[in-house]
Amino acid sequence: MRCGGGFVLIGKADPKSVGRLDPMATLLELLTERLAAAFATVAGEAVDPVLRESQHADFQADGALPLAHRLGRPPREVAASVVEALEIDDLCSGVDVSGPGFINLTVSDSALDGLLTTMAGDDRLAIPVTEQPVRVIVDYSAPNVAKEMHVGHLRSTYIGDAAVRLLEFMGHDVVRENHIGDWGRPFGMLIEHLLDVGESEAAAEISIGDLDGFYKAANAKFDEDDSFAERSRQRVVLLQGGDEQTLVLWRTLIDASQRYFLSVYDRLNVRLTPDDFAGESSYNDQLDSVVDELEAAGLLRESDGAMCVFPEGFTNRDGDPLPLIVRNRVGGYGYAATDLATIRDRFCKLGADRILYVVGLPQQQHFEMVFQVAKEIGWYTADSEATHVGFGSILGDDGKMLRSRAGKSVKLIDLIDEAVDRARRAATEKNPDLDEAEAGLVATAVGVGATKFADLSTERTKDYVFDFDRMLAFDGHTAPYLQYANARIHSIFRKNEAGGSVVDDGAIVISEPAEHKLAIRLTEFATVVDEVSQSLDFHRLAHYLFDLASAFTTFYEHCPVLKADGDVRASRLSICRVTSRTLSQGLDLLGIDVLERM
RNA sequence: GCGCUUGUGGCUCAAUUGGAUAGAGCAUCUGAUUACGGAUCAGAAGGUUGGGGGUUCGAGUCCCUCCAAGCGCGCCA
């Protein structure tokens with residue numbers, strides 16, 4: 001097998017995106033141009049103004065400090081000279097030198113009007129489609145057949161789903177792969193147990209979600225019953241030998257499990273379908289050829305009876321080269337072999353430009369080794385990359401890995417059920433007018449959304465503490481707070497429509513400070529989305545959306561919409577509409593549902 | 001032992017990738033309800049960023065060193 005050639009980019013540019021410009025980037029570019037001209041006048045050479053957003057004004061230019069150092073003049077004096085030379089009145093209403101020599105810029109309301117009106121009139125909220133669409137494979141969720149999904153799968157599923165949503169929105173060609181654990185030693189005992197219980201019984205048990213019971217029963221028998229254990233071992237041999245009857249039984253387990261997984265995904269509103277299942281077993285017939293290819297490349301070495309690859313740069317506790325064991329001493333394949341076959345398949349056959357492995361951080365070294373081998377053997381092309389999108393653990397309130405009281409791993413679906421239950425109780429208490437059907441919708445959106453927001457709003461690589469009370473609180477940094485902000489906007493729309501008027505999405509005119517701050521936030525959306533689509537730091541999008549909702553509620557308190565008259569009223573209705581659309585779009589990218597009423 | 005990750009107010013998290021007086025939320029305290037949903041808003045208080053050293057105009061961020069926690073380090077995935 002050989003890499004390269006023949007792949008055609010599938011992501012097609014939306015014709016409407018031509019000329020679509022990120023508002024904040026546009027503004028930064030304009031400001032930078034003016035500042036650069038002024039700096040050049042003072043310095044006599046080109047100088048980077050070092051422009052960025054600021055807590056002290058809308059923007060700040062820090063370039064005077066390093067320049068002052070070079071010129072040997074006081075920084076504030078240099079900054080003052082730059083301001084003197086600066087022609088920027090059409091864009092800024094305020095320019096000050098501040099602190100040790102920062103230049104603070106306040107953008108004029110009129111400059112914001114145009115940017116925001118453009119954003120309001122754009123179906124993508126002025127977010128450009130990527131200019132370089134690539135094929136991205138996202139490997140996520142990955143539950144094990146006949147085993148319960150637990151908290152470990154929660155993060156992979158949420159993060160992977162958000163990645164898929166975001167990259168698709170940016171115009172990339174995204175392939176979802178659910179690398180389920182459908183192969184290996186446990187299947188001997190699982191199949192034997194299946195036969196003992198009866199096929200239809202077992203399938204029913206599994207597809208309704210009683211996987212723990214099934215797996216535990218099989219495991220218990222394996223430990224206690226020698227003849228069962230022996231049958232299990234023989235069954236593994238039959239399975240790996242491709243025995244037809246065994247494969248049928250194996251398939252039964254997989255089908256039942258998949259039905260169960262899909263029911264979970266449906267409840268979580270996660271975009272995984274039957275087409276996305278690409279289990280470990282699907283690479284079985286490629287394992288021999290991987291070994292052959294490694295062998296031919298001279299990378300394979302025998303060590304303690306096992307066939308190993310020793311990727312460069314890895315050592316064990318004795319300082320000796322660390323192996324990736326491709327084939328164990330009895331000739332069996334392990335996960336290293338499967339992962340090598342998988343990465344080869346993705347790069348060389350599926351034509352991946354970028355592969356994302358959304359898997360917990362403990363497996364970091366394993367993936368680094370797999371990537372290194374793939375590089376050494378030449379499966380990468382010049383532009384391709386594989387990334388381990390690692391994440392930390394979910395902790396209980398004791399600061400340790402989340403476990404049930406019995407010390408067992410917590411079922412994912414139990415966590416969701418409790419979150420939704422709590423959300424339902426809160427919703428019916430806060431808003432008794434909701435009928436049962438609507439309360440159900442609200443409970444799901446809020447309950448599931450709360451767990452997603454909690455998960456995606458902290459830095460991915462860190463552990464976080466799972467706390468129902470905090471994530472479901474209706475104030476603070478939570479999904480319900482954001483959903484509530486959106487519901488309030490829609491309440492305005494309902495009242496407006498009841499009064500017989502419509503939102504015309506017309507010209508936006510900023511005048512109040514609260515409008516100004518909200519407008520600045522809104523124009524940042526495209527920049528944040530673009531940045532996160534590269535870094536996959538979803539917490540930045542989450543924090544942005546919280547700041548946006550927060551800026552909106554301030555606006556809501558200070559700037560009456562329906563009580564205002566004429567153009568102001570129309571403008572504020574437009575601002576409400578863009579805000580609602582931005583909140584909805586942003587939350588949707590995180591996989592969180594929004595509500596018009598709650 | 002080696003490697004990876006982490007350490008920020010009482011608690012949970014940020015910090016535009018080296019920029020100002022380290023920002024939010026919860027909890028606490030003080031105000032605001034005859035304006036579109038109070039599931040809200042405005043404000044106060046709370047910090048030697050685990051310790052020490054270094055690099056420079058400037059360090060939570062980079063380097064060195066120590067301390068603490070979690071995870072990984074040959075035939076499981």
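In what follows, chains are A, B, ... by sequence order, proteins preceding strands, each numbered from 1. Since the model is a prediction, treat every value here as computed from it, not as a measurement.
Note: A/Trp250 and A/Trp183 have perpendicular aromatic rings, judged against thresholds of 30 and 60 degrees for the angle between ring planes. Ring geometry for A/Phe552 versus A/Tyr556: interplanar angle of 30 to 60°, hence tilted. Aromatic ring orientation, A/His153 versus A/His150: tilted (interplanar angle from 30° to 60°).
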Quick tally for nucleotides 30-37 of chain B: nucleotides whose base has a protein heavy atom under 4.0 Å get B, sugar-phosphate-only ones S, the rest -, giving -----BBB
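Among the protein residues, A/Leu322 comes within range of the sugar-phosphate backbone only, with heavy atoms under 4.0 Å from sugar or phosphate atoms but none that close to a base. Residue contacts shown for A/Ser98 include a base, since a base heavy atom lies under 4.0 Å away. Nucleic acid contact for A/His539: sugar-phosphate only, since backbone atoms but no base atoms lie under 4.0 Å from a heavy atom of the residue. At a threshold of 4.0 angstrom between heavy atoms, the contacts of A/Asn104 include nucleobase atoms, whether or not backbone atoms are also involved. Within 4.0 Å (heavy atoms only), A/Thr478 reaches no atom of the nucleic acid at all.
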What N/O pairs connect the protein and nucleotides 43-50 of chain B at under 3.5 Å? Give each pair on its own line.
none

What are the atom names and distances for every N/O pair under 3.5 Å that joins the protein to nucleotides 21-28 of chain B?
from	atom 1	to	atom 2	distance (Å)
B/G25	O2'	A/His477	N	3.2

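Here B/G3 presents its C1' atom at 15 Å from CG of A/Asp320, a figure rounded to the nearest Å.
Proximity note for A/Arg185 (side chain, C-beta onward) versus B/C76, B/G19, B/C75: the nearest is B/C76. Looking at the side chain of A/Glu459, the nearest of the listed nucleotides B/G19, B/A15, B/C75 is B/A15. Closest to the side chain of A/Leu361, from the set B/G19, B/U5, B/C75, is B/U5. Distance from the side chain of A/Ser54 is smallest for B/A20 among the nucleotides B/C13, B/A20, B/A15. Closest contact between the side chain of A/Asp62 and the listed nucleotides B/G7, B/G19, B/G74 involves B/G19.
In this structure, A/Phe39 and A/Asp48 have side chains that are not in contact, with every pair of non-hydrogen atoms separated by 4.5 Å or more. Side-chain atoms of A/Leu340 and A/Val373, non-hydrogen and from C-beta on, do get closer than 4.5 Å to each other.
The base of B/A20 sits with one of its N or O atoms less than 3.5 Å from a complementary donor or acceptor on the side chain of A/Gln60.
Distance alone, capped at 3.5 Å, places no donor-acceptor pair between the A/Ser580 side chain and the A/Arg577 backbone.
Stem list for RNA chain B (at least 3 consecutive Watson-Crick or G-U pairs, distances under 3.5 Å): B:1-7 with B:67-73, B:10-13 with B:23-26, B:28-32 with B:40-44, B:50-54 with B:62-66.
Residue pairs meeting the ring-ring contact (aromatic ring centres under 6.0 Å, His included) criterion with at least one partner in residues 517-542 of chain A, sequence neighbours excluded, are A/Phe525-A/Tyr544. Residue pairs meeting the side chain to side chain donor-acceptor pair (under 3.5 Å) criterion with at least one member in residues 468-485 of chain A, sequence neighbours excluded: A/Arg422-A/Asp469, A/Asp467-A/Arg470, A/Tyr481-A/Thr553, A/Tyr484-A/Arg488.
When each of A/Val358, A/Val359, A/Asp139 is checked for a side-chain contact (heavy atoms from CB on, under 4.5 Å) with A/His179, only A/Asp139 meets the rule.
Take the nearest nucleotide of RNA chain B for A/Ile103 and for A/Met401: the residue whose nucleotide is more 5' is A/Ile103. Nearest-nucleotide positions on RNA chain B place A/Gln364 closer to the 5' end than the other of A/Arg460 and A/Gln364.
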